[in-house]
Novice: 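This structure is in structure tokens; I'll ask about it shortly.
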Amino acid sequence: MGFLDIQRATKSYGSVKVLHETDISIEEGEFLVLVGPSGCGKSTLLNMIAGLEEVTSGDIRIKGRSMNGVRPAERNIAMVFQSYALYPNMNVAQNISFGMEMHGVPRPERERKVAQVAELLQIGRLLDRKPGQLSGGQRQRVAMGRALVRDPDVFLFDEPLSNLDAKLRVDMRTEIKKLHQKLKTTIVYVTHDQIEALTLSTRIAVMFGGHVQQLGTPKEIYDTPANMFVAGFMGSPSMNLFAARVAAQDGRAIAVTRRADGSEVALPFPEGGALAAQVGREIVLGLRPEAITDRDGADRHSRAVHVVESPVDITEPAGSDTFVVTHLGGKEVTGRFRADVDVSPGQVFPFAINMEKAVAFDPKTEMRIA
């Protein structure tokens with residue numbers, strides 16, 4: 001049993017089921033991110049943990065205690081919302097301490113805790129300011145401070161960075177990670193941003209259609225996606241997915257696909273792979289952009305790098321990398337090249353493909369088979 005256990009939990013509105021049977025066990029000090037597109041059920045699940053939504057069936061337990069029928073105020077959880085929800089007529093110190101005041105915490109204790117979190121979040125100089133005098137990042141720090149003084153069992157974050165600009169999101173992401181590493185708190189964090197999920201979490205639950213599609217570490221989710229949805233949703237750019245057929249060549253399995261002109265390309269899998277006994281099977285081949293690169297940028301430790309000459313459709317310089325697009329298996333395929341590689345659209349270029357990083361999916365069920 002974990003510190004926070006979600007056991008066969010469902011949520012329905014009338015005849016519409018928005019969250020199907022969900023089982024997740026979260027250990028104390030873990031940082032779990034619920035990630036998925038809008039409408040996938042992630043915020044509903046977070047609200048059920050918080051007690052803002054009732055569980056239709058199943059159970060949610062914190063420290064072994066069932067939360068069914070327990071009011072939000074009695075759950076010892078703290079929530080940080082997308083909207084900062086600060087009181088505009090109160091200064092920062094008053095906003096942080098208001099909840100403690102409502103719970104009858106003595107003033108000296110309130111002041112001590114406010115000073116403590118202000119130092120932790122580096123907002124001591126802001127304590128006398130009103131929310132209207134703060135930047136978006138400063139307001140989010142205040143909202144986090146208000147949660148921290150509660151000393152809760154579980155912190156719940158509901159897309160807390162979505163209202164911030166891109167640079168500030170990166171900065172705040174770093175601050176939240178530092179905070180978790182320092183405090184070792186148990187966090188459940190909702191986002192639609194898969195980069196946030198990969199960088200912040202100890203584990204990720206990828207959600208779609210009211211189901212948990214995959215639960216695992218960031219590395220497991222990224223390297224071995226359970227299905228094509230997870231493969232396509234996680235990663236930026238996302239995993240390349242294109243049609244291929246398993247064949248045999250010189251006693252080993254290969255993936256056969258086609259260039260844009262219809263000519264065949266043979267991509268050998270590493271020896272002893274799971275597809276060796278499935279010759280003739282149609283698959284969807286999955287390759288991350290970093291597994292498709294220029295010849296000199298390829299992984300020199302890999303025993304399964306295969307060079308394919310293919311026309312370049314588009315080049316997209318991105319500072320430290322250049323993304324290069326070609327066509328394989330009837331789909332656009334993006335490779336991640338070094339920034340200084342001399343490559344241009346229309347050129348036939350040698351793409352180095354690392355088949356040690358390849359995964360294969362069933363085109364009908366969309367589930368990973370190897």
Side-chain angles (χ1 to χ4, degrees), residues 1-12 17-36 40-81 144 147-148 150-160 176-192 194 196-227 230 234:
M1 182 177 290
F3 188 78
L4 167 61
D5 284 303
I6 301 163
Q7 301 172 338
R8 300 174 67 87
T10 72
K11 180 63 181 178
S12 298
K17 184 174 280 191
V18 296
L19 186 72
H20 299 266
E21 287 191 357
T22 300
D23 290 283
I24 303 174
S25 184
I26 303 162
E27 297 301 325
E28 186 172 9
E30 192 169 4
F31 197 131
L32 176 76
V33 174
L34 307 176
V35 65
C40 70
K42 58 187 186 296
S43 289
T44 299
L45 180 55
L46 193 79
N47 288 336
M48 288 162 61
I49 297 170
L52 303 176
E53 297 270 8
E54 291 184 2
V55 177
T56 301
S57 66
D59 197 8
I60 293 175
R61 306 179 76 87
I62 297 176
K63 297 169 71 173
R65 178 192 176 199
S66 174
M67 292 293 108
N68 286 354
V70 178
R71 294 170 54 242
E74 298 170 351
R75 296 190 178 208
N76 198 25
I77 54 97
M79 197 161 183
V80 179
F81 296 93
M144 288 167 59
L148 284 169
R150 295 272 312 280
D151 194 24
D153 291 327
V154 181
F155 284 97
L156 306 178
F157 286 81
D158 190 8
E159 304 208 38
I176 291 172
K177 184 135 189 170
K178 284 180 184 174
L179 200 62
H180 178 252
Q181 289 173 348
K182 185 170 185 176
L183 300 178
K184 309 296 184 187
T185 49
T186 306
I187 295 176
V188 181
Y189 186 107
V190 161
T191 184
H192 62 273
Q194 35 85 23
E196 270 181 41
L198 289 166
T199 55
L200 283 173
S201 64
T202 54
R203 278 196 305 161
I204 300 171
V206 183
M207 299 186 68
F208 181 64
H211 293 274
V212 175
Q213 301 289 320
Q214 187 173 359
L215 176 65
T217 66
K219 182 173 175 56
E220 289 167 347
I221 296 288
Y222 191 79
D223 290 345
T224 53
N227 55 41
V230 176
M234 301 299 291

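Start at 1 with the first residue, then count along the sequence. Atoms considered below: every heavy atom in the structure, side chains included; atoms not considered: hydrogens, waters and symmetry mates.
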Novice: Can you list everything that forms a salt bridge (charged side-chain N to carboxylate O under 4.0 Å, His left out) with K17? Sequence neighbours excluded, please.
Specialist: none
Novice: Can you give me the closest heavy-atom contact between G51 and P72, atom names plus distance?
Specialist: O-CG, 3.4 Å
Novice: Does the plane of the ring in H20 sit parallel, tilted or perpendicular to the ring in H211? Use 30° and 60° as the thresholds.
Specialist: parallel
Novice: Using the salt bridge (Lys or Arg N to Asp or Glu O under 4.0 Å) rule, collect all pairs that involve residues 182-191, keeping only residues at least two apart or in two chains.
Specialist: none
Novice: Please name all residues satisfying side-chain contact (heavy atoms from CB on, under 4.5 Å) with E74, sequence neighbours left out, ordered by chain then number.
Specialist: V70, R71
Novice: State which residues pass side-chain contact (heavy atoms from CB on, under 4.5 Å) with T22; sequence neighbours excluded, sorted by chain then number.
Specialist: I6, L19, I24, L45, V212
Novice: How long is the straight-line distance from CG of L215 back to CD of E220, given to the nearest 0.5 Å?
Specialist: 8.5 Å
Novice: For the residue pair K42 and E159, establish whether any side-chain heavy-atom pair is separated by less than 4.5 Å.
Specialist: yes
Novice: Roughly how far, to the nearest 0.5 Å, is the CD1 atom of I187 from the CG atom of L4?
Specialist: 12.5 Å
Novice: Do you know the tightest heavy-atom contact between C40 and M207?
Specialist: CB-O, 3.5 Å
Novice: Do the non-hydrogen side-chain atoms of T185 and H180 ever get within less than 4.5 Å of each other?
Specialist: yes
Novice: Go through the steps to decide whether V154 and I26 satisfy the test side chain to side chain contact (heavy atoms under 4.5 Å, CB included), and finish with yes or no.
Specialist: CA-CA 10 Å; V154 181; I26 303 162; over 6 Å; no
Novice: Hey, is the main chain of N76 close enough, under 3.5 Å, to the side chain of R150 for a donor-acceptor pair?
Specialist: no
Novice: Within a reach of under 6.0 Å around CZ of F208, are more than 12 heavy atoms found that belong to other residues, nucleotides or ligands?
Specialist: no
Novice: List the steps, then state whether side chain to side chain contact (heavy atoms under 4.5 Å, CB included) holds for F157 with M144.
Specialist: CA-CA 9 Å; F157 286 81; M144 288 167 59; 4.1 Å; yes
Novice: Quick check on K63: does its NZ atom have over 12 non-hydrogen neighbours (other residues, nucleotides or ligands) under 6.0 Å away?
Specialist: no
Novice: Search all heavy atoms of I60 against all heavy atoms of I49 and return the closest pair with its distance.
Specialist: CD1-N, 3.9 Å
Novice: Any side-chain heavy-atom pair from E196 and V33 closer than 4.5 angstrom?
Specialist: no
Novice: OG1/T199 to NZ/K177 distance, rounded to the nearest 0.5 angstrom?
Specialist: 6.0 Å
Novice: For residues M79 and D158, report the shortest heavy-atom separation together with the two atoms involved.
Specialist: CE-CB, 4.2 Å
Novice: Treating D5 as the side-chain partner and S25 as the backbone partner, does any N or O pair qualify as donor plus acceptor under 3.5 Å?
Specialist: no
Novice: Check whether any side-chain N or O of T10 sits under 3.5 Å from a backbone N or O of S57 as a donor-acceptor pair, and report yes or no.
Specialist: yes
Novice: Holding to side-chain contact (heavy atoms from CB on, under 4.5 Å), I want the full list of residues that pass it with D151, two or more places apart in sequence or in another chain.
Specialist: K113
Novice: Ignoring hydrogens and angles, tell me if any N or O in the side chain of N68 forms a donor-acceptor pair with the backbone of E54 under 3.5 Å.
Specialist: no
Novice: Taking all atoms of both residues into account, what is the closest heavy-atom pair of R75 and M48, and its distance?
Specialist: NH1-O, 3.1 Å
Novice: Heavy-atom distance under 4.5 Å between the side chains of L200 and F31, does that happen here?
Specialist: yes
Novice: Output every pair passing salt bridge (Lys or Arg N to Asp or Glu O under 4.0 Å) with a member in residues 26-36, not counting sequence neighbours, ordered by first then second residue.
Specialist: E30-R203
Novice: Compare all side-chain heavy atoms of D153 with those of T186 and state whether any distance is below 4.5 angstrom.
Specialist: no
Novice: Using modelled atom types only, decide if a donor and an acceptor are shared between the side chain of E53 and the backbone of T44 within a distance under 3.5 Å.
Specialist: no
Novice: Looking at every heavy atom in both I204 and P218, which two are closest together, and how far apart are they?
Specialist: CD1-CA, 3.9 Å
Novice: Rounded to the nearest 0.5 Å, what separates atom CD1 in I77 from atom CZ in F155?
Specialist: 10.5 Å
